[in-house]
> 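Have a look at this one.
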Amino acid sequence: MIRIEEEEDYMSPPWLMPMLRGSYFVPCSIHADSNKNECNLFCLDCAGTAFCSYCLVKHKDHRIVQIRRSSYHNVVRVNEIQKYIDITCVQTYIINSAKIVFLNERPQPRIGKGVTNTCEICCRSLLDSFRFCSLGCKLGGMKRGDQSLTFSVRGKHGREYQGGGSESDEATTPTKMRKTNAFNRLMSGLSISTVRFDD
């Protein structure tokens with residue numbers, strides 16, 4: 001049993017499994033008599049249970065993420081989580097003008113017609129350039145032994161990235177899309193320089 005836990009810790013940050021398994025949107029037992037006491041915050045440093053906004057004072061100077069709900073599933077905003085883990089290969093969604101990722105798998109009973117790409121773990125339909133529908137499914141892919149997957153955030157030049165600042169959205173953009181964007185920028189640059197040259 002200890003061996004499995006060590007393996008999980010090696011593959012992912014020690015707080016990831018507690019965050020994925022957490023119970024959210026339940027009333028806080030400490031602040032049961034207060035309004036707006038639902039537990040929707042998670043501390044990456046303590047990696048304990050979810051807590052409410054009144055408990056926040058106990059986590060001063062800690063790394064906190066807010067868990068949100070979308071269609072009865074737990075999500076986290078990309079701009080909050082990508083500071084701490086690499087979410088490459090996980091499909092992102094736009095909900096209420098914010099880019100989010102789902103915490104856990106969301107299997108589909110039937111795959112729709114014309115679907116060409118599905119999550120490697122739970123078979124949910126995805127856009128072609130992604131491999132997983134959630135952070136939990138990416139972890140499942142890592143447990144299968146895929147050496148190309150990691151949760152380690154890497155900065156420019158392949159060095160491991162530490163700290164609170166976030167990388168650009170390109171860190172979450174699939175390679176195929178990044179290459180297309182780079183090509184389009186190159187082509188627009190060439191067309192501008194060609195026009196100047198002709199003048």
Side-chain angles (χ1 to χ4, degrees), residues 8-22 24-25 39-48 50-51 53 56 59 61-71 73-106 117 119-122 124 126-144 146-182 185:
E8 284 180 4
D9 287 348
Y10 175 73
M11 290 192 304
S12 64
W15 49 262
L16 185 60
M17 283 307 295
M19 185 180 81
L20 297 180
R21 292 179 180 158
Y24 302 102
F25 304 101
C39 298
N40 67 342
L41 299 171
F42 186 82
C43 178
L44 307 185
D45 294 308
C46 298
F51 56 91
S53 57
L56 203 51
H59 300 273
D61 300 325
H62 289 187
R63 298 170 299 162
I64 309 295
V65 292
Q66 182 177 355
I67 308 302
R68 300 163 194 274
R69 273 268 160 98
S70 174
S71 305
H73 293 280
N74 297 326
V75 303
V76 66
R77 284 188 174 169
V78 166
N79 65 358
E80 287 183 42
I81 201 68
Q82 75 178 357
K83 300 171 191 174
Y84 311 115
I85 57 172
D86 178 3
I87 60 170
T88 307
C89 302
V90 180
Q91 182 161 322
T92 58
Y93 300 84
I94 306 278
I95 296 183
N96 296 331
S97 306
K99 196 183 277 193
I100 58 96
V101 289
F102 284 86
L103 294 191
N104 294 299
E105 66 180 43
R106 299 172 302 132
N117 187 36
C119 176
E120 293 176 17
I121 301 300
C122 73
R124 183 168 195 85
L126 301 174
L127 296 175
D128 286 342
S129 46
F130 295 99
R131 294 175 58 188
F132 306 103
C133 72
S134 65
L135 298 177
C137 286
K138 180 175 178 176
L139 182 59
M142 292 168 67
K143 286 180 182 178
R144 286 182 174 180
D146 188 334
Q147 306 266 323
S148 68
L149 296 172
T150 181
F151 278 118
S152 296
V153 181
R154 304 226 170 251
K156 292 180 173 106
H157 311 298
R159 287 192 293 256
E160 218 169 281
Y161 179 73
Q162 305 288 332
S166 70
E167 292 277 307
S168 72
D169 264 356
E170 277 198 34
T172 63
T173 306
T175 308
K176 192 190 305 182
M177 291 172 74
R178 281 202 304 261
K179 286 180 180 174
T180 304
N181 291 342
R185 284 195 300 265

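Every value quoted in this text rests on a predicted model; they were computed, and no experiment measured them. These numbers come from the heavy atoms of this one structure, side chains and all, not from hydrogens, waters or symmetry mates.
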> Within this structure, what is the OG1-CD1 distance for the pair Thr150 and Ile85, rounded to the nearest 0.5 Å?
10.0 Å
> Parallel, tilted or perpendicular: which describes the rings of His59 and Phe51, with under 30° parallel and over 60° perpendicular?
parallel
> Can you tell me how far CG of Asn104 sits from SG of Cys137, rounded to the nearest 0.5 angstrom?
8.0 Å
> Would you name the heavy atoms of Met142 and Leu149 that are closest together and state the gap between them?
CG-CB, 3.5 Å
> Using modelled atom types only, decide if a donor and an acceptor are shared between the side chain of Ser134 and the backbone of Phe102 within a distance under 3.5 Å.
no
> Between Val90 and Phe130, is any pair of side-chain heavy atoms under 4.5 Å apart?
no
> Just how far is it from atom CD1 of Ile67 to atom CD1 of Ile100, taken to the nearest 0.5 Å?
11.0 Å
> Is a donor on one side and an acceptor on the other found under 3.5 Å between the side chain of Lys138 and the backbone of Thr88?
yes
> If you compare all heavy atoms of Leu126 against all heavy atoms of Phe132, which two are closest, and at what distance to 0.1 Å?
CD1-N, 3.5 Å
> With a 4.5 Å cut-off on side-chain heavy atoms, are Gln82 and Thr92 touching?
no
> Would the distance check show the side chain of Asn96 and the main-chain N or O of Ala98 forming a donor-acceptor pair, the cut-off being under 3.5 Å?
no
> Kindly write out the residues that satisfy side-chain hydrogen bond (donor to acceptor under 3.5 Å, both in side chains) with Ser148, not counting sequence neighbours, or none if the list is empty.
Asp146
> What are the two closest heavy atoms between Pro18 and Tyr24, and how far apart are they?
O-OH, 4.3 Å
> Just how far is it from atom NE2 of His62 to atom SG of Cys46, taken to the nearest 0.5 Å?
4.5 Å
> Quick check against the 3.5 Å criterion: does Asn40 have a side-chain atom that pairs as donor or acceptor with the backbone of Gln66?
no
> Show the nearest heavy-atom pair for residues Phe151 and Ser12, with the distance to one decimal.
CD1-CB, 3.9 Å
> Check for a donor-acceptor pair, side chain of Asp45 on one end and backbone N or O of Arg63 on the other, with a separation under 3.5 Å.
yes
> Answer yes or no: is there a side-chain heavy-atom contact under 4.5 Å between Glu105 and Cys119?
no
> Can you name the closest pair of heavy atoms from Leu103 and Val76 and give their distance?
CD2-CG1, 4.0 Å
> Below 4.5 Å, heavy atoms only, C-beta onward: do Arg68 and Glu80 meet side chain to side chain?
yes
> Cation-pi between Arg106 and Tyr93: NZ/CZ under 6.0 Å from ring centre and within 45° of the ring axis?
yes
> Just how far is it from atom CG of Leu44 to atom CD1 of Ile64, taken to the nearest 0.5 Å?
7.0 Å
> Quick one, Leu127 and Asn117 - any side-chain contact, counting heavy atoms below 4.5 Å?
no
> Rounded to the nearest 0.5 Å, what's the gap from OG on Ser71 to CD1 on Ile95? Could you check?
6.5 Å
> Taking only residues two or more places apart in sequence, or in another chain, which ones meet Glu120 in a side-chain hydrogen bond (donor to acceptor under 3.5 Å, both in side chains)?
Arg131
